[in-house]
Amino acid sequence: MKGWDVIVKKTVGGLEWVGFSQKHPEKLLCISSQKITVFDCRNGEITESEAEYDEENYIALCAAFPDEEIMIAGQYGGKMEHASIQGDKVLIETSPEHITTVTFVPALGTGSVIFQNYGYYTCGFSCDGAYFMLAQDAGITICKKIDCGMKEEILHD
C-alpha cells in the first residue's frame, strides 16, 4: 500500500478479537484463545495483558487500558473503522457467508486489492488514522502511515 509501511506481521494462533484503543490509538488489543496481548503499532512491541470481553456487545475491558472500553471486532462480528480521518478507506466485498476481498483506497490515488481469499476476519483504522490493521486466520498485519517519506523496517515476522 503506497504511503504505508508494515510494522507487524505476526501469526496469532486462535485469533478471536482485535480492537484499537481510542485513548491510545497506537495500541491494538489482540484476544486469542491462547492469550491476550497488546501491540504497540509505533514499534511492533508486544506485551501480554489481562482482559474481560463481551462477545454480544463487542467490547473489552483490558488491564492495559483500565479507564476505557475497547470496541472489538473479529471472526464472530463487530466492526472496525473503514475510513481514516485523512481520507484513506477500505472497501469490503463479501460472499453470502464470508468476507472475500479487501481493497485499500488511499485518499489520493488508485485503490488496490490487498486481500483476496477465504479467512478474512476484520480490518480497520485507528481513530487517528495513523495505523491500519488486517486480521485473518493466518494472523495480524499492522501498517503505519508514512509521515515524512522515510521507510521503516518490518519489526516482527
Side-chain angles (χ1 to χ4, degrees), residues 1-32 36-47 49 51 53 58-60 62 64-65 68-94 98-157:
M1 298 179 329
K2 187 175 181 180
W4 294 79
D5 279 338
V6 174
I7 300 299
V8 174
K9 192 168 186 173
K10 182 93 173 140
T11 302
V12 178
L15 178 64
E16 294 177 355
W17 303 101
V18 292
F20 280 107
S21 167
Q22 295 290 309
K23 293 183 178 183
H24 304 279
E26 74 282 1
K27 303 286 184 164
L28 178 74
L29 174 64
C30 177
I31 300 169
S32 79
I36 297 169
T37 54
V38 175
F39 288 78
D40 187 325
C41 300
R42 295 172 300 187
N43 57 25
E45 190 174 296
I46 302 168
T47 57
S49 188
Y53 53 98
Y58 307 117
I59 58 169
C62 179
F65 315 106
E68 179 179 9
E69 287 184 350
I70 305 291
M71 299 302 297
I72 56 175
Q75 180 179 10
Y76 308 110
K79 185 178 176 189
M80 304 283 291
E81 293 292 329
H82 287 177
S84 74
I85 59 175
Q86 295 87 352
D88 300 311
K89 62 184 175 182
V90 289
L91 305 175
I92 310 296
E93 295 177 33
T94 62
H98 305 288
I99 296 170
T100 58
T101 305
V102 178
T103 302
F104 189 89
V105 183
L108 301 171
T110 305
S112 59
V113 173
I114 61 170
F115 181 85
Q116 190 168 26
N117 201 340
Y118 168 79
Y120 162 79
Y121 292 170
T122 191
C123 67
F125 294 92
S126 60
C127 66
D128 64 358
Y131 306 99
F132 176 78
M133 182 276 318
L134 175 71
Q136 58 176 316
D137 58 359
I140 293 178
T141 302
I142 301 172
C143 299
K144 180 178 179 181
K145 192 164 187 70
I146 300 170
D147 292 327
C148 59
M150 295 183 65
K151 189 160 179 75
E152 295 185 24
E153 296 178 25
I154 296 174
L155 299 176
H156 295 280
D157 286 312

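What you see below is based on every heavy atom in this structure, not just the backbone, and it leaves out hydrogens, waters and symmetry mates.
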Can you measure from [atom1] ([X]) to [atom2] ([Y]) and round to the nearest 0.5 angstrom?
| X | Y | atom1 | atom2 | value |
| --- | --- | --- | --- | --- |
| F39 | T47 | CZ | OG1 | 9.5 Å |
| T37 | I140 | OG1 | CD1 | 6.5 Å |
| W17 | Y121 | CH2 | OH | 11.0 Å |
| Y53 | L29 | OH | CG | 10.0 Å |
| M133 | T122 | CE | OG1 | 5.5 Å |
| I142 | L28 | CD1 | CG | 5.0 Å |

Pairs where residues 70-88 contributes a residue and the test salt bridge (charged side-chain N to carboxylate O under 4.0 Å, His left out) is met, not counting sequence neighbours: D88-K145
Pair listing, salt bridge (charged side-chain N to carboxylate O under 4.0 Å, His left out) test, anchored in residues 12-27, at least two apart: K23-D67, K27-D40
Pairing residues for F132 by the ring-ring contact (aromatic ring centres under 6.0 Å, His included) criterion, not counting sequence neighbours: F104, F125
For a quick test of reading the model, state the closest non-hydrogen atom pair linking [X] to [Y] and the distance between them.
| X | Y | answer |
| --- | --- | --- |
| S84 | G129 | CB-CA, 3.8 Å |
| F20 | I70 | O-CG2, 3.8 Å |
| N43 | I7 | C-CG2, 4.1 Å |
| P25 | C127 | CB-SG, 3.7 Å |
| A60 | I31 | CB-CD1, 4.2 Å |
| V38 | F65 | CG1-CZ, 3.9 Å |

E68 side chain vs Q22 backbone, donor-acceptor pair below 3.5 Å: yes
Intermediate values then yes/no, side chain to side chain contact (heavy atoms under 4.5 Å, CB included), C41 and V8: CA-CA 8 Å; C41 300; V8 174; over 6 Å; no
